[in-house]
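Quick notes on the structure that follows.
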Amino acid sequence: MPKNKLPILKKPDEKAIIPFLMGGLPNEELSLAIVNSVIKGGADLIEIGVPYTDPIADGPVIEKYHHQGVAKGLNLPSTLRLIAKIRKSSDIPIALFSYFNPIYKLGINKLANECQRLAIDSVIIPDLPFEELILLQKSPLDLIPLVAPSSTPNRLKMLADIEASFVYTASVSGITGVRSLSIEDIKSYLTTVRKYTPLPLALGFGISKPEQIRELKDYADAFVIGSHLVNIIEANLDKPEQMLSKIENSLRAFKRAAK
Amino acid sequence: MLPNLAGYFGEYGGRFVPEALIPALEEIEKAYKNLKDDINFKNELSHYLKYYVGRPSPLYYAKNLSEKLGGAKIYLKREDLNHTGSHKINNTMGQALLAKRMGKTRLIAETGAGQHGVATATAAAALGLKCTVYMGATDAKRQGLNLFRMEILGAEVVTVNKGSKTLKDAANEAFRDFISSFAHAYMMIGSAIGPHPYPMMVRNFQSVIGYELKEQLQALSIPSPDYIIACVGGGSNAIGIFYPYLNSQANLIGIEAGGKGEASKLHCATLARGDRGILHGALSYLLQDENGLVEDTHSIAAGLDYPGVGPEHAYLKDSQKVTYYNVSDEEAVEAFITLSRHEGIIPALESAHALAYALKLAPSLSPEQVIVINISGRGDKDAEEVSNFIGGVEFA
């Protein structure tokens, strides 16, 4: 499988929008409808999360979502089945987001087969640091490295040994969640990361307003929208139609800001 | 010498944490490496262990119990007599001194039974550091005394109402706090678990138990004990007493919590029933379902109620240097009462697991043989739990 195969991430005048969705929540039907809405709203790649019992890199909003998913019996196989359903109607690029243990339990080779079968483009593992990622470089999986503002020059140098279609740059050293960013700090951080890798940069953790993208679009190649969407979903659980149109509109606003 | 530079004991251990946390672990590893052989640091730690913790802890010959069982001589390593009532303080004093040298101002800890939380809050008070302790809601309820102790010691106790509401989820919360705050805070892991360098560091701080035991047995002209028995949750008291004996003649036995039986799902016999998996930053044995989701566990002893186990124990199991068994809630409570009645020592329910196995083993041995049991903590905290339990079971 050739890596670095997401051309949208290298368009000079248009940035990619990557919505994060938890696979199978709030329920399977709505989950598929939400995928449709983000595609209609202009998503370039969809990050689909696997619910996990111990999501230590996630903040309260997404953590709660993980626990809800686990309580509903959702897991890595159920998420792969959901992706198979998405693939019946869409060939949008998909990145699977999973903590390492479910993948370790399934086996890297088996996951690689599944990814090929379901045309899953990339895999994001939040609890796999560079050393372990480098050990897995021989696998056909497109494993996305994550960096944080706390990453030291010695760590960033290791990006040279990693082949992937993009680098996930967390905008805070902490956990995921909607929070206000110091734009200037993020600019200098992204500029620093650029010095260490030619790969496209996707900025995540804390993007909730189109203005943030407008401010930062010269510094990153893609923007991940996570907790913000979960909040829309949670606030509109009893009004699915409204939920879906809000999600679509929200995506459209982010996408407009990215052009 | 294990672990290797990457923190692996054989194939277990490592560092499976978000990249964002790696610089914090590297900083701790570097500081520990620089200080562990530093004479001033060693002297300072020895001073606290002697005058504050009250070490050496006695090695007590349990004459009544030995005679009652009519087999081997039973010795008790009295970690329950340490300040704060358990072995946990050996590690927290060491790590708190390290944190202070690193210029950190706040300690973050996870706790199950509350013994590690109390030991951390105590070290923080002694060294003038702030302290936040995460405790599962289920544990907070069954260990109310320790909750009170932590608060009176000045710690902020955060009750965790998520997932299993026990040690595992308390540790998740502690990690979350640490990922966001490590510029000024230090995460004080209380067991021989977690990402490298924690399993090594905790083992080294706890190995004072085993080294002392060696000296104490020498003074009794006992060259080597025949058996050393310790309970294993994450495994810090066990690795601490086993470590100096890993290449000796002594049979090393780790006892996990069998809860309501291995066949039920209500246990935490990770080494007996688990398989390879990753939890809290290390590859080890893990109780998980077929899809890699971590399972809920049960033990009457909150300090053993954990689906993982330290990576060095996984290695020691596979390499057969230590043998691991488990005993049930009921056997542990029975042992808890037996030691109280016959020796006037109320052990922690955790330690009572090690004791329960010894009660079964001793009669099959001869009077020349020696069993050492690590009494890792005292049982005051368990009064309510045991009282509830024996409400439904009759003891002879």
Side-chain angles (χ1 to χ4, degrees), chain A residues 50-60 63-64 66-67 69-71 73-79 98-107 125-133 135 145-156 158-159 167-168 170 172-177 179 205, chain B residues 5-8 14-27 30 110 160-165 168-183 187 194-196 274-284 286-296 307-308:
Chain A
V50 176
Y52 188 53
T53 39
D54 299 270
I56 60 164
D58 284 292
E63 183 204 2
K64 202 174 120 201
H66 276 282
H67 289 307
V70 170
L74 302 177
N75 48 38
L76 179 53
S78 79
T79 308
S98 173
Y99 282 85
F100 190 45
N101 196 52
I103 291 175
Y104 181 81
K105 182 77 178 167
L106 178 72
I125 307 176
D127 53 349
L128 208 60
F130 293 161
E131 283 86 353
E132 302 294 336
L133 210 63
L135 291 178
L146 284 101
V147 304
S150 58
S151 300
T152 52
N154 277 340
R155 300 299 300 175
L156 292 172
M158 294 171 79
L159 284 172
V167 172
Y168 197 125
V172 286
S173 271
I175 49 190
T176 59
R179 61 185 82 198
F205 290 29
Chain B
L5 286 176
Y8 278 88
R15 251 179 205 164
F16 295 87
V17 295
E19 179 62 32
L21 196 54
I22 295 286
L25 297 175
E26 287 183 337
E27 186 192 3
K30 195 174 155 205
E110 79 296 344
V160 180
N161 230 320
K162 298 170 181 171
S164 66
K165 301 178 188 174
K168 173 178 78 91
D169 295 273
N172 290 347
E173 264 334 89
F175 268 109
R176 284 196 187 94
D177 182 343
F178 187 47
I179 290 175
S180 309
S181 66
F182 60 75
M187 178 146 169
H196 180 62
D275 60 352
R276 275 169 218 198
I278 290 125
L279 180 64
H280 296 144
L283 173 62
S284 184
L286 178 65
L287 291 168
Q288 57 184 328
D289 72 6
E290 69 276 16
N291 299 310
L293 296 177
V294 181
E295 293 201 314
D296 285 348

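Sequence lines set the chain letters: A, B, ... in the order given, protein chains first and strands last, and positions in each chain run from 1. Because the structure is a prediction, the values reported are computed rather than measured.
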To the nearest 0.5 angstrom, please state how far the [atom1] atom of [X] sits from the [atom2] atom of [Y].
{"X": "Ser150(A)", "Y": "Leu21(B)", "atom1": "OG", "atom2": "CG", "value": "8.0 Å"}
{"X": "Lys162(B)", "Y": "His67(A)", "atom1": "NZ", "atom2": "NE2", "value": "6.5 Å"}
{"X": "Ile278(B)", "Y": "Ile125(A)", "atom1": "CD1", "atom2": "CD1", "value": "9.5 Å"}
{"X": "His280(B)", "Y": "Ile56(A)", "atom1": "NE2", "atom2": "CD1", "value": "7.0 Å"}
{"X": "Asn75(A)", "Y": "Glu290(B)", "atom1": "CG", "atom2": "CD", "value": "7.5 Å"}
{"X": "Arg15(B)", "Y": "Glu131(A)", "atom1": "CZ", "atom2": "CD", "value": "7.0 Å"}

Using a 3.5 Å distance criterion without hydrogens, assess whether the side chain of [X] forms a donor-acceptor pair with backbone atoms of [Y].
{"X": "Glu19(B)", "Y": "Phe130(A)", "value": "yes"}
{"X": "Asp127(A)", "Y": "Phe16(B)", "value": "no"}
{"X": "Arg176(B)", "Y": "Pro55(A)", "value": "yes"}

Given the options Asp169(B), Leu293(B), Leu279(B), which has more heavy-atom pairs under 4.5 Å with chain A than any of the others? Leu293(B)
Run the side chain to side chain contact (heavy atoms under 4.5 Å, CB included) test on Thr53(A) and Lys168(B) for me, step by step, so that the C-alpha distance in whole Å, both residues' side-chain angles and the decisive distance to 0.1 Å come before the verdict. CA-CA 10 Å; Thr53(A) 39; Lys168(B) 173 178 78 91; 4.1 Å; yes
Quick check on Leu128(A) against chain B: is it the side chain, the backbone, both or neither that has a heavy atom closer than 4.5 Å? both
Looking at Ser78(A), Ala71(A), Pro102(A), which makes the most heavy-atom pairs under 4.5 Å with chain B? Pro102(A)
For the candidates Asp54(A), Ile103(A), Val50(A), which exhibits the highest count of non-hydrogen atom pairs separated by less than 4.5 Å from chain B? Asp54(A)
Check whether any side-chain heavy atom of Asn291(B) sits under 4.5 Å from a side-chain heavy atom of Pro77(A), and report yes or no. yes
Which region of Asp275(B), side chain (C-beta onward) or backbone (N, CA, C, O), has a non-hydrogen atom less than 4.5 Å from a non-hydrogen atom of chain A, or is it both or neither? side chain
Side chain, backbone, both or neither: which part of Glu295(B) has an atom under 4.5 Å from a heavy atom of chain A? neither
Do you know which two heavy atoms are closest between Gln288(B) and Asn101(A), and how far apart they sit? OE1-ND2, 2.9 Å
